[in-house]
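Worksheet: the structure to be examined is printed underneath.
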Amino acid sequence: MDRPIRVLVGKVGLDGHDRGVKVVASALRDAGMEVIYTGLHQTPENVVRAAVEEDVEVVAISILSGAHMTLFPRLLELLRENGRDDILLCGGGIIPEKDRLALEKIGVGALFGPGTDTTEIVSYLEEEVKKRRAR
Amino acid sequence: MRDDRGRFRTLSGIPVKHVYSWEDREGVDEMETVSEPGRFPYTRSIHETLYRKRLWTMRQFAGFGTPADTNERFRYLLDNGQTGLSTAFDMPTLMGHDSDDPLSLGEVGREGVAIDTIDDMETLFRDIPLDKVSTSMTINGPAIMVLAMYVVAAERQGVPPSKLRGTLQNDILKEYIAQKEWIYPPVPSMRIITDMLTYCTKEMPLWNTISISGYHIREAGSTAVQELAFTLADGFAYVEAGIAAGLDVDDFAPRLSFFWNAHNDFFEEIAKYRAARRIWAKRMKNRYGAKKERSWMVRFHTQTAGCSLTAQQVENNIARVAYQALAAVLGGTQSLHTNSMDEALALPTEKAVRIALRTQQILAHETGVINTVDPLGGSWFVEELTDRMEEEAERYFAEIDERGGVIAGIEQGYFQREIADAAFRYQREVETEERIVVGVNRFVDHDEKEETTPLLEIAPEVEKDQVERLERFRASRNAALVKKALADVCAAAASDTNLMPVVLQAVRHGATLGEMVGVIREQFGVYREPAVF
């Protein structure tokens, strides 16, 4: 990578489980990425505004509240409205496989579940961003 | 021997020797530090005969969908031999939003039950006699509104507050530290708590007013030592707040209870419960001058560690939960929740919950562990580890004091950083295989398919139904009475009038949870966390 990947890591909705998001944020930073963390209880609008302002290449969202089928589609919609569907939207949390497949189908990137090795997330982001930069 | 490095220290990092003997205990006055069951400082147990007299309460945490859905699950659990109830509220309720609030969109009934009104609370406990069953409610930010709804629901069953038995979590400090479901800033939140302490001390003598919780601190990634120290420090802060509000420590301290995690490191967990009892007893007696024995006692609920469950090979979780439950029982818990095997994937199915409950019943009725109180007492290793846990906790208390107390520590992001660092360290240890997690980084099943596990699904109609019910309820109220009652709540928040009576009145007139939270928010403002990682 010629320049570091800029990632917005965020929590959307009401759930306060921030163990995973902080572990991932630290791992991405240690892997040389520029990481911006939104903090808790953000609306999709806040997150997309921050993503545009910070000009990130990746938005990584953590959800453990079961609201993923509402919040991920809303984030995608807002990115498109802002003309920024070049930004990779991906994430993780407690998301059943059925829902994960449905979300991937509408354009959400990989969604990582419990037990994922952070190196797997790092290499996924590196590959995806490389592909996107080459476009 | 790379794989062995992690094995010879506890999960908190305390080094463990290959064997312990009487030499490790030389110079220790066992009568003073260990004592006997039922005797100060209660290292061994708060009761002389413990489970011989009464088993622990088997209390499974449950809540999802509408109040009617959860009422059905409650009755299922009671029919299956459960002895107490424990209510999980959904995210909007925990954050003080009504189900029709735009911020609640997509979250209603998903991670717990949605409670907006007194009507919902009555439905939740329909056909459950509130003078007979003890109920625990995991609610913190809007605890005062939920307690008031419970009291009014009981009133409508003909049960006075003086007969209600149960526990309100009501531990706001650990919300800022770990669980992160807050509404108001810490200082006014502590005032709401002292208002409730004052009310409950007078009106609800059988009610546990605060369940001082280490569970969430541990789940957020802390070590066992941090769980022990931060939780007890929160407890001391509540005691100091009660005393500062003019209460006699012996009037409210007997109704404070605790809630601990039961994680994987078997002996360390047992040592943690034993150390907690001893530290609390000594402080309550020596520092806060409590004279009643009940003020010295740590009574506690335990839940097995949700964060130890794996999404991989979910049936393995049954074994994990059983060992964790055994640690809690050998540590002398008063009440226990055993997690269901499928909880790393979703809320549990009925079958998974039944296996979890049966795990406790097997422990209680088949293994014989209930016959003797604190059977590990006097073990050189366990006594030594208990002492170490106490020493390490004391080191944290000194650090917290130096920082100006718990609220100052929260504002400095101290606890949050300590916990995040511990969580990251643990993750690194798993990834470098210094720590083995069966099915995750060792003994992996590469052909495993997730869809073979049946999961509980929350129907999308739940949100629509709940919002419609709320709209009908709002339309049925006397708007003038609601308005007046809410103005009274607002006025009490602006002055130093106790909030509990006015909140009770507002509930009786049909004020919703979100409306009551809202008028107090006008006075107290909102809390924003400094986002650190």
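In what follows, chains are A, B, ... by sequence order, proteins preceding strands, each numbered from 1. This structure is a prediction, so every number in the text was calculated from the model and none was measured.
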Turns out that what part of Asp99(A) lies under 4.5 Å from chain B's heavy atoms comes down to neither
Hey, is Arg80(A) close enough to Asp86(A) for a salt bridge, meaning N to O under 4.0 Å? no
State plainly whether the residues Glu126(A) and Lys130(A) are in salt-bridge range, i.e. N to O under 4.0 Å. no
What part of His216(B) lies closer than 4.5 angstrom to a heavy atom of chain A: side chain, backbone, both or neither? neither
Between Asp15(A), Thr118(A), Leu71(A), Thr70(A), which shows the greatest number of heavy-atom pairs under 4.5 Å with chain B? Thr118(A)
Under 4.5 Å from a heavy atom of chain B, the part of Asp117(A) involved: both
Measure the acute angle between the ring planes of Phe259(B) and Tyr215(B), then classify it against the limits of 30° and 60° as parallel, tilted or perpendicular. parallel
Okay, Glu175(B) and chain A: the region with an atom under 4.5 Å from a heavy atom over there is neither
Residue from Ala27(A), Ser65(A), Gly93(A), Pro114(A) scoring the most non-hydrogen pairs under 4.5 Å with chain B is Ser65(A)
Non-hydrogen atoms of chain A under 4.5 Å away: do they reach the side chain of Pro530(B), the backbone, both or neither? neither
Only one of Thr223(B), Asn261(B), Thr231(B) forms a side-chain contact (heavy atoms from CB on, under 4.5 Å) with Arg218(B), so which one is it? Asn261(B)
Quick one: what part of Ala423(B) sits under 4.5 Å from any heavy atom of chain A, side chain, backbone, both or neither? both
Arg428(B) portion near chain A, given a 4.5 angstrom heavy-atom threshold: side chain
For His68(A), which atoms come within 4.5 Å of any heavy atom of chain B: side chain, backbone, both, or neither? neither
Is it true that Asp55(A) and Arg84(A) have a side-chain N and a carboxylate O under 4.0 angstrom from each other? yes
Structural part of Arg74(A) lying under 4.5 Å from a heavy atom of chain B: neither
Of the listed Thr38(A), Leu40(A), Val9(A), the one with the largest count of heavy-atom pairs under 4.5 Å with chain B is Leu40(A)
Looking only at heavy atoms and a cut-off of under 4.5 Å, which of Leu94(B), Leu103(B), Thr310(B), Asp421(B) has the most pairs with chain A? Leu103(B)
Which of Val23(A), Leu14(A), Ile94(A) touches chain B most, by non-hydrogen pairs under 4.5 Å: Leu14(A)
Which bit of Thr116(A) comes within less than 4.5 Å of chain B, counting heavy atoms only: side chain, backbone, both or neither? backbone
Which one of Val21(A), Thr43(A), Leu64(A) has the most heavy-atom pairs closer than 4.5 Å to chain B? Leu64(A)
Taking atom types as modelled and ignoring hydrogens, do the side chains of Asp116(B) and Ser99(B) form a donor-acceptor contact shorter than 3.5 angstrom? yes
Ignoring hydrogens, what is the shortest heavy-atom contact between Leu513(B) and Asp98(B)? Give both atom names and the distance. N-OD1, 3.7 Å
Note: Glu463(B)-Arg110(B) ion pair, threshold 4.0 Å (strictly below): no
Run through Glu181(B), Gln179(B), Lys174(B) and flag the one making a side chain to side chain donor-acceptor pair (under 3.5 Å) with Asn140(B). Lys174(B)
Verify whether the ring centers belonging to Tyr527(B) and Tyr176(B) lie closer than 6.0 Å. yes
